[in-house]
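Residue numbers start at 1 and run along the sequence shown.
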Amino acid sequence: MECKGKNPSIRCTVSQCAHNMGSEHYCTLNTIDVGSHEANPTMPQCTDCNSFVKKS
Ligand code: SF4
């Protein structure tokens, strides 16, 4: 589900994502799905935002 503006609870600098409010570095979704591509994640780099959609 999409908010009208930024979600102040989700900061994000991935400006290539269609859900990103690039000017303010926030996500515009109400909720996001976060996961990992690792079996045993040990650092931030092991995690992924699975709600990412490439900006067209
Ligand atoms: S969906 Fe994920 S990657 Fe995209 S703006 Fe929101 S938090 Fe960032």
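The two residues Leu29 and Asn7 have their closest heavy-atom pair at O-ND2, 2.9 Å. Taking both residues in full, the closest heavy atoms of His37 and Gln45 are given as CE1-O, 3.4 Å, listed atom of the first, atom of the second, then distance.
Here the OG-CG distance, from Ser51 to Asn30, works out to 11.0 Å after rounding to the nearest 0.5 Å. Tyr26 contributes atom OH, which lies 10.5 Å from atom CE of Met21 (distance to the nearest 0.5 angstrom). Atom SG of residue Cys12 and atom NZ of residue Lys6 lie 13.5 Å apart, to the nearest 0.5 angstrom.
When atom types are taken as modelled, the side chain of Ser36 and the backbone of Cys46 share a donor-acceptor pair closer than 3.5 angstrom. Between the side chain of Lys55 and the main chain of Ser15, a donor-acceptor pair closer than 3.5 Å is present. With hydrogens and angles disregarded, no donor-acceptor distance shorter than 3.5 Å links the side chain of Asp48 to the backbone of Asn50. Of the possible donor and acceptor atoms, none in the side chain of Asp33 sits under 3.5 Å from a partner among the backbone N and O of Cys49.
Residues satisfying the side-chain contact (heavy atoms from CB on, under 4.5 Å) test with Cys17, not counting sequence neighbours, are Val14, His19, Asn20, Phe52.
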